[in-house]
Amino acid sequence: MHIAVIGSGYVGLVTGACFAEFGVDVACVDVDSEKIARLNRGDSPIYEPGLDSLIRKNLQAGRLTFTTDVAGAIKQSLVIFIAVGTPPLADGSADLTFVDEVARTLAQHLDGYKVIVTKSTVPVGTGKRLINLIKTQQDKPTEFSVVSNPEFLREGAAIGDFMRPDRVVIGGADPEAIAIMRDLYRPLYLIQTPFVITSLEGAELIKYAANAFLATKISFINEIANLCEKVGCDVHDVAMALGMDRRIGPKFLHAGPGFGGSCFPKDTAALSKIGQQFSSPTKIVDAVIKVNREQRLSMIPKIERLAGGLAKKRVAVLGLAFKPETNDMRDAPSVDIINGLVERGATVIAYDPIAAEEARQLLPEIELAASEYEAVADADVLVFLTEWNQFRALDMERIRKSMKTPRIADLRNIYDPVSIREMGFEYVGVGR
Ligand code: NAD
C-alpha cells in the first residue's frame, strides 16, 4: 500500500518511519524544503531515540521518501495522513490554519477514492468540517472518506509507543475506510493491539480527554505536594502509596514544576474551548490549567527564598527541555522559570544535553555551559529543571566544592533530601 504523511514533524516523521518499517510505501511531505533536504540525507531534524536509524534504514530500502511535492504524493497514495501542527491561538483554541491549508490542497489533487486521516490533534467537529471544505473546493468531485486516527505517542519514547501502543483509535462512518485503516495497521493487529472503532467525533474527543486526564493527574499531585510542604510530609511517599492502588496507577504522579511541552498545555486549553463552544463547561480541566500555571510560577519565589534573593546571583540550571530524551522546548516550564529568575536580577548559566540549540533561540539572555560541572562553577544556587538520567548520579562532592554556596532547588525531586542535606547542601524539592 502507498500512503502519504503530510507534515514531517515529531508525529509525521515517526508515523512515516514506522509505517515504512511495517513494509508500507510512505511519502513524507513537508513545506519546509530545508527539512526535506536534511531528511533525504538521512539526518533527522528532531532528536528522538531510534528515529535516525529507522529513517536511514527505510530510505535505503526505498520504502520511505521525503518530498515537497504534495500533488505527486497525494496521487500515488490510497491513504493520506494529515500530521501538521495545530498550535494554540491566543484564546486557547486550536489554530486549524495548517490543517485547512492541507484540506484545500487535497481538494485540488484528489483523483480517485482516498482515505484522508487526521493524525493531528483537532477539535471535535473538524473531521465533518473537512469533508465539507474539501467538497466545496473540488472542481471535479471524487469519492473520499475522512477518518480520525489520533496519535498518543510520547516524545522521547515515540517509536516504541507507535509500534506497541496501548490501543489504536479509528473514528469514521465509512466501513471501507475503516477496513483500509485496519489493513494498514495489520502488524499491530497481529500483536493483539486493541482497536477502538468509533465515530469521527468520538475519536477526536478521545485524544483530548486522554491528555486532559493525564494533565489532571499531574496538577492533582502538585496540589497535594504543596499541601505536603505545609503539613511537613513527603509527597514521594504519598504518590507512591497512591500509585500502588491499581485503580489509580503510578504514572503521572510526579510532583514538579508543572506540565509543559507541545501537547498538554495546548490540548487542555483547546478542550476548555470545545466545552465552551458546546455549552458544556469543563470545570475540572479549567482548574487543572490554573493549578499548572500557578505551580510553574511558584517555582520562582521558591528558588528566590533558597538563594536569599536573586539580584546579582548566579543560578546554574540543569535541564531545559520540557522532559528528558527530547530537544523539544515548546512551552517548557524552564522558559517561564528562567525568565522569572532573570527578571529578578539573576544571571543564569544552563546545561542541557540535547536542547541547547533550541534554548539559544528562546532564552537568548542565558549562558550555555558545555557540561553540568561547567554550569555549577561558582554558582549561588543549582536548579534541576529536567530529570535527564545523566543528572541522577552526578559527583555531588565535586559540585558542592565548585559552587559558591551549596544550595539545590530540585524541581524534579531527583535527589533524596536527607542524604543530600547530609552532604552539606541546603536543599528544597517539591512537596518534600
Ligand atoms: P511539528 O510542528 O513538529 O510538525 C508539523 C510539521 O508540519 C512541520 O514540519 C511543518 O513544516 C509541517 N507543515 C505545516 N504546514 C504544512 C503543509 N501545508 N504541508 C506540509 N507540511 C506542513 O508538530 P508535531 O509535534 O508533529 O504535531 C503535529 C500534530 O500532532 C499536532 O496536532 C499535535 O498536537 C499532534 N500530536 C503531537 C504529539 C507530540 O508529542 N509532538 C503527540 C500526539 C499528537
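Order of listing sets the numbers, starting from 1, for every ligand and every atom in it. Just so it is clear, the model here is predicted, and its values are computed rather than measured. What's counted below: heavy atoms across the whole structure, side chains too, no hydrogens, waters or symmetry copies.
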- Item | Nitrogen or oxygen of Asp30 less than 3.5 angstrom from that of ligand 1 | yes
- Note on the structure: atom 4 (O) of ligand 1 sits nearest the protein heavy atom Gly9 CA, 3.2 Å
- Of all the non-hydrogen atoms in the protein, which one sits nearest to atom 17 (C) of ligand 1, and at what distance? Val31 CG1, 3.6 Å
- Query: Atoms of ligand 1 less than 4.0 Å from Thr86 heavy atoms?
  - Reply: 31 (C), 32 (O), 34 (O)
- Message: Under a 3.5 Å cutoff, is there a donor and acceptor pairing between the side chains of Arg129 and Asn132?
- Response: no
- Item | Which residue and heavy atom of the protein sit nearest atom 13 (N) of ligand 1, plus the separation | Val84 CG1, 3.7 Å
- Check: Ser272/Asp286 side-chain N/O donor and acceptor closer than 3.5 Å: yes
- Atoms of ligand 1 close to Tyr10 [distance to a heavy atom under 4.0 angstrom, numbered from 1]: 3 (O), 25 (O), 26 (O), 41 (N)
- Query: Who's the nearest protein heavy-atom neighbour of atom 34 (O) of ligand 1, and how far?
  - Reply: Lys266 NZ, 2.6 Å
- Task: Return a yes/no value for Glu155: is any of its N or O atoms, backbone included, closer than 3.5 angstrom to an N or O of ligand 1?
- Result: yes
- Query: Could you go step by step and tell me if Lys290 and Glu294 meet the salt bridge (charged side-chain N to carboxylate O under 4.0 Å, His left out) rule?
  - Reply: CA-CA 6 Å; Lys290 184 167 181 281; Glu294 289 170 3; 3.2 Å; yes
- Item | The one among Ala73, Gly261, Cys263 that brings a heavy atom closest to atom 38 (C) of ligand 1 | Cys263
- Relative to each other, are the rings of Phe19 and Phe162 parallel, tilted or perpendicular (30° and 60° limits)? perpendicular
- Message: Below 4.0 Å, non-hydrogen atoms only: which portion of Lys207 touches ligand 1? Side chain, backbone, both or neither.
- Response: side chain
- Element-labelled atoms of ligand 1 that are located less than 4.0 Å from some non-hydrogen atom of Ile6: 19 (N), 20 (C)
- Does any N/O atom on Lys119 come nearer than 3.5 Å to any N/O atom on ligand 1? no
- Query: Going through the checks in order, is the salt bridge (charged side-chain N to carboxylate O under 4.0 Å, His left out) test met by Asp161 and Arg154?
  - Reply: CA-CA 7 Å; Asp161 286 349; Arg154 295 162 300 165; 2.7 Å; yes
- Considering only the protein, which heavy-atom contact is closest to atom 7 (O) of ligand 1, and what is its distance? Gly7 CA, 3.4 Å
- Query: What residue and atom, counting heavy atoms only, is the protein's closest point to atom 44 (C) of ligand 1, and at what distance?
  - Reply: Thr121 OG1, 3.6 Å
- Message: For the residue pair Thr67 / Asp69, report whether a side-chain donor-acceptor contact shorter than 3.5 Å exists.
- Response: no
- Is a side-chain donor or acceptor of Asn339 paired with a backbone partner of Val335 at a separation under 3.5 angstrom? yes
- Going by the angle between their ring planes, with limits at 30° and 60°, are Tyr415 and Phe384 parallel, tilted or perpendicular? tilted
- Message: Test your reading of the structure: does Glu101 have an N or O sitting under 3.5 Å from an N or O of ligand 1?
- Response: yes
- Task: Under the salt bridge (charged side-chain N to carboxylate O under 4.0 Å, His left out) rule, what do Asp32 and Arg38 come out as? Steps first, then yes or no, please.
- Result: CA-CA 10 Å; Asp32 184 340; Arg38 225 178 128 170; over 6 Å; no
- Answer side chain, backbone, both or neither: which part of Ser262 comes under 4.0 Å from ligand 1, heavy atoms only. side chain
- Query: If you measure every N/O of Val11 against every N/O of ligand 1, is any gap under 3.5 Å?
  - Reply: yes
- Item | Criterion side-chain contact (heavy atoms from CB on, under 4.5 Å) against Leu39, the qualifying member of Ile55, Thr65, Asp30, Leu59 | Ile55
- Between Lys128 and Leu200, the two heavy atoms sitting closest are N-CD1, 4.0 Å
- Below 4.0 angstrom from a heavy atom of Lys35, which ligand 1 atoms are there? Numbered from 1 as shown, please. 8 (C), 9 (O)
- Query: Tell me: protein heavy atom nearest atom 5 (C) of ligand 1, and distance?
  - Reply: Gly85 N, 3.7 Å
- Message: Heavy-atom distances under 4.0 Å decide this one: backbone, side chain, both or neither, for Arg330 against ligand 1?
- Response: side chain
- Message: Test your reading of the model: is there a side-chain donor-acceptor pair from Ser44 to the backbone of Ile46, 3.5 Å cut-off?
- Response: yes
- Query: Should Glu151 be counted as touching ligand 1, given the test is an N or O pair under 3.5 Å?
  - Reply: no
- Query: Parallel, tilted or perpendicular: which fits the ring planes of Tyr185 and Phe195, with parallel below 30° and perpendicular above 60°?
  - Reply: perpendicular
